[in-house]
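Below is one structure, written out as structure tokens, with a few remarks after it.
By convention here, the first residue in the shown sequence is residue 1. Values below: all heavy atoms of this structure, side chains included; hydrogens, waters and symmetry mates excluded.
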Amino acid sequence: MDINNYDRVYKLAMKEYRNKTMHGEWPYLWVLDEILSHTEVLKEVDLGLVDIPLDQIRGTKTEGRTQAFAANFMPLLPQDSEFAYKWCQLYDSHLEEGIHDPIKAYEFLNQFYVLEGNKRVSVLKYCGAVSVPGNVTRIVPKPDDSEENRIYYEFMDFYDKTQINYINFSQVGSYPSLLKKMKLNTPEDFTDERREFFHSAYIKFSTAFSKKGGGKLSLTPSDAFLLYLDLYELADIKDKSSDEIGKEIDKIWSEFVFFPNKPEVKLIMDSDPAAEKKTLTKKITTLTSPTKVAFIHTKTAESSSWTYGHDLGANHVMETMSDTVEVSSYFGADTQEKELELFDSAVKDGNTIIFSTSAKLVGTAMKYALDYPKLHFLNCSINTNSKYIRTYYGRLYEAKFLIGAIAGVLSPTDEICYTADYPIYGGIANINAFALGAKMVHPDIKVYIRWPGLKSERQDELLAGKTFSYISGTDFIRPDAENQKFGLYNPAETIQDSLAAPVWNWGVFYEQTIKAIQNGTWKSESSADKKNETLNDWWGMSSGLIDVIVSKKIPPETLKMIDLLKKGICSGEFDPFTGMRYSKDGTHYVKVTDRMSAEQIITMDWLAENVIGFIPTMAELSDDAKPIVNVIGVQKVKDTDEKK
């Protein structure tokens with residue numbers, strides 16, 4: 001027995017003791033019985049034999065051995081004590097045979113407290129071991145609204161599916177988010193092979209993160225790992241070296257530094273007049289070569305009206321900026337492999353401005369923006385919070401309000417229908433704006449929501465037997481579609497012509513944005529990064545990006561009203577949402593008295609007073625809808641899905 005080893009661990013204990021005391025912290029092991037005396041316990045659960053991470057062992061179950069160890073589990077009792085003798089014997093035995101006997105411990109809030117085996121834990125910690133086997137009993141607290149409690153209940157669900165206890169998050173929602181990235185729905189999905197791969201990937205990342213100084217930051221390694229997986233695929237880690245992961249960590253280091261605060265979203269609400277003025281005075285023709293601009297689409301112009309609209313915008317750029325711009329379009333990024341292939345092609349072809357026209361592509365756009373910081377990456381999505389790319393969208397609710405007003409004037413009944421697309425950011429505002437426009441001119445009118453492709457008995461019951469005087473259908477028609485119903489139409493008419501529909505003039509946005517980049521007036525993420533700020537363009541009717549096309553069948557008096565409302569919205573003198581009533585819990589209504597902020601409008605997850613219907617859960621959505629809702633779905637949909 002080498003008493004010098006005990007002398008070393010004793011010094012480590014005293015150092016920890018003095019350090020804790022100097023900072024006013026508890027210098028000994030925490031006692032679970034003391035903690036539980038202030039906690040309402042729901043039940044105890046026998047977890048059986050568990051591999052316990054040593055860095056998650058916080059203390060002892062009872063008070064007996066509390067002051068025999070410092071907070072780091074190193075022994076505080078003197079060298080001439082019987083305790084010291086037994087500790088040294090156990091240390092020698094571990095060096096010769098290893099410690100295999102399981103300890104007994106209790107788990108509470110994913111921290112462990114030893115009932116039997118404190119010295120074994122002490123020796124293993126001193127020797128640098130990672131874990132110890134233990135027979136564990138879980139103490140489950142009663143649920144409450146505290147953040148710590150909510151995180152723990154999320155952890156227990158995560159543990160049931162994975163049997164993993166070494167992941168520790170500090171933010172609500174992190175465990176469900178990780179499950180989605182792991183693509184796990186049931187415990188059977190997590191095979192031994194996948195469990196081993198995940199553990200290897202996590203260790204590889206956390207080791208690299210630690211080497212970069214991650215331990216000095218406020219977030220846990222698990223928090224950092226989840227941030228990393230927002231930008232890099234879990235499946236790709238196995239093919240990466242530690243150096244490659246380290247370089248990727250360097251690229252997104254600011255994400256870790258600012259955690260848990262996300263970058264502030266600064267919305268650019270309109271085009272910049274100064275940019276156009278500067279364009280007129282600056283000779284862009286002095287460019288030595290044309291600016292190469294790429295458009296990446298998930299579908300084709302023939303199969304998707306959304307892609308068709310953006311392709312018209314690209315054609316507008318080709319026609320109006322042919323002297324200074326060279327346009328390339330890439331179609332069919334409908335799988336992960338195709339996304340990577342088309343982004344690779346766009347970069348290799350020399351494009352310096354790359355527009356991706358679907359929110360489904362935002363993750364891939366971020367990855368390429370990190371790898372090619374000198375290029376400009378923009379993604380068509382809303383409420384995306386990333387400093388690495390710039391996003392853009394339109395205030396479609398302004399047009400929906402005007403179309404709702406037209407429907408209210410024309411409808412001879414009190415019931416009309418609104419065909420919604422997805423419960424995504426901005427989408428709920430569109431529904432409410434349409435309903436408010438109709439109510440403004442028809443006070444008793446009710447707007448029923450119909451979600452196409454929804455797998456829901458609730459919707460079937462809601463719409464059963466209903467006949468509507470007018471329907472707000474899809475915003476566009478596919479170029480190859482036989483059914484020409486779109487916009488606002490009367491379902492009773494033999495020929496269901498569109499009476500009013502929103503218009504996206506993407507060419508306006510693309511032309512002005514490209515010019516701003518060319519002449520240097522476009523603010524990039526690199527300049528905003530110093531302020532931890534991310535930029536999103538959210539233009540409205542005043543910019544020309546959004547408009548309404550109206551049929552000649554609309555009465556002249558109604559057209560005058562719409563024109564006045566449009567002028568008020570464009571000037572900012574009229575706000576569609578001021579004065580609206582809504583209910584968040586279905587029991588009482590709240591009236592909006594002040595002008596709503598852009599963030600409040602974008603993130604609406606409640607319906608106006610005269611809307612009949614519901615916001616569907618993720619489980620009710622069609623398979624086609626789920627991918628985009630996963631990316632930019634309103635939080636209520638995600639929260640409901642997680643609770644299920």
Side-chain angles (χ1 to χ4, degrees), residues 5-6 8-10 12-17 19-20 25-37 39 41 44-77 83 86-87 90-91 93-94 98-141 148 151-152 155-156 158-159 162-170 199 202-203 206-207 210 215 220-223:
N5 279 314
Y6 191 83
R8 283 192 285 270
V9 296
Y10 178 74
L12 290 173
M14 292 304 299
K15 181 179 179 181
E16 177 77 358
Y17 176 86
N19 183 57
K20 292 286 187 183
E25 300 175 18
W26 180 246
Y28 304 111
L29 300 179
W30 289 90
V31 180
L32 180 58
D33 285 346
E34 175 63 24
I35 296 171
L36 294 179
S37 67
T39 304
V41 174
E44 293 187 6
V45 179
D46 182 9
L47 298 182
L49 188 63
V50 172
D51 199 31
I52 305 173
L54 281 167
D55 62 0
Q56 289 172 225
I57 299 180
R58 191 184 188 203
T60 65
K61 171 63 167 64
T62 62
E63 195 175 16
R65 284 291 188 183
T66 304
Q67 298 185 18
F69 300 92
N72 60 357
F73 254 97
M74 295 301 103
L76 282 170
L77 298 182
F83 178 93
K86 290 182 177 180
W87 192 97
L90 185 61
Y91 174 76
S93 175
H94 174 61
I99 293 176
H100 304 292
D101 293 337
I103 65 172
K104 288 185 178 180
Y106 284 78
E107 181 254 289
F108 178 67
L109 299 180
N110 203 20
Q111 298 288 326
F112 295 85
Y113 301 84
V114 180
L115 179 64
E116 295 178 9
N118 289 293
K119 283 193 287 293
R120 275 171 276 173
V121 171
S122 178
V123 168
L124 288 170
K125 278 181 173 282
Y126 175 66
C127 292
V130 175
S131 62
V132 60
N135 291 302
V136 177
T137 300
R138 170 177 288 164
I139 306 293
V140 180
E148 182 181 47
I151 292 172
Y152 185 60
F155 161 75
M156 288 192 290
F158 176 80
Y159 183 83
T162 65
Q163 299 298 296
I164 289 175
N165 59 13
Y166 53 82
I167 297 292
N168 288 277
F169 289 122
S170 64
H199 184 260
Y202 180 73
I203 294 301
S206 57
T207 301
S210 178
T220 69
S222 300
D223 290 329

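Contact check for Glu116 versus Ile103: no side-chain heavy atoms found under the 4.5 Å cut-off. Counting heavy atoms from C-beta on, the side chains of Phe169 and Ile167 come closer than 4.5 Å. Side-chain contact between Ile139 and Thr39 is absent, with no heavy-atom pair separated by less than 4.5 Å. With a 4.5 Å cut-off on side-chain heavy atoms, Met74 and Lys125 count as touching. Counting heavy atoms from C-beta outward, Ile203 and His199 have side chains that approach closer than 4.5 Å.
Without hydrogens or angle criteria, Asn19 side chain to Glu16 main chain gives no donor-acceptor distance under 3.5 Å. Between the side chain of Thr60 and the backbone N or O of Thr62 there is at least one donor-acceptor pair closer than 3.5 Å. Judged by distance alone, the side chain of Ser122 and the main-chain N or O of Phe73 form a donor-acceptor pair under 3.5 Å. A donor-acceptor distance shorter than 3.5 angstrom exists from the side chain of Arg120 to the backbone of Pro102, with no hydrogens or angles considered. Not a single donor-acceptor pair under 3.5 Å links the side chain of Ser210 to the backbone N or O of Thr207.
Ser131 and Leu124 get closest at one heavy-atom pair: O-CD1, 4.5 Å. Nearest heavy-atom pair, Phe155 versus Asn110, reported as atom, atom and distance to 0.1 Å: CZ-OD1, 3.3 Å. Taking both residues in full, the closest heavy atoms of Phe158 and Thr162 are given as O-OG1, 2.8 Å, listed atom of the first, atom of the second, then distance. Considering every non-hydrogen atom in both Tyr159 and Ile164, the closest pair reads CD1-O, 3.3 Å. For the residue pair Ile52 and Asn165, the shortest heavy atom distance occurs at CA-ND2, 4.5 Å. Here the shortest heavy-atom pairing between Leu29 and Ala71 reads CD2-O, 4.0 Å.
We find the CD1-CE distance between Ile151 and Met156 to be 12.5 Å, quoted to the nearest 0.5 Å. Atom CG of Asp101 is separated from atom CG of Asn135 by 10.5 Å, given to the nearest 0.5 angstrom. Once rounded to the nearest 0.5 Å, the distance linking CD1 of Ile99 with NZ of Lys119 reads 11.0 Å. The CG atom of Asp55 sits 13.5 Å away from atom CG of Asn72, with the distance rounded to the nearest 0.5 Å. We find the CZ-OH distance between Phe83 and Tyr6 to be 5.5 Å, quoted to the nearest 0.5 Å. Atoms CG and OH, from Leu77 and Tyr10 in turn, are 8.5 Å apart once rounded to the nearest 0.5 Å.
The neighbour count for Glu63 CD, taken as heavy atoms of other residues, nucleotides or ligands under 6.0 Å away, does not exceed 12.
Between the side chains of Gln56 and Asn168, at least one donor N or O sits under 3.5 Å from an acceptor N or O.
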Q: Starting from the C-alpha separation in whole Å, work towards a yes-or-no answer on side-chain contact (heavy atoms from CB on, under 4.5 Å) for Leu76 and Met14.
A: CA-CA 7 Å; Leu76 282 170; Met14 292 304 299; 3.7 Å; yes
Q: Show the numbers, then the answer: is there a side-chain contact (heavy atoms from CB on, under 4.5 Å) between Asn118 and Val121?
A: CA-CA 5 Å; Asn118 289 293; Val121 171; 5.7 Å; no
Q: Let me see the working for Ser222 and Tyr166 under side chain to side chain donor-acceptor pair (under 3.5 Å), right down to the final yes or no.
A: CA-CA 9 Å; Ser222 300; Tyr166 53 82; over 6 Å; no
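For the side chain to side chain donor-acceptor pair (under 3.5 Å) with Tyr113, the lone residue among Arg58, Lys61, Glu107 that qualifies is Arg58.
Checked against a 6.0 Å centroid threshold, the rings of Tyr91 and Trp87 count as neighbours.
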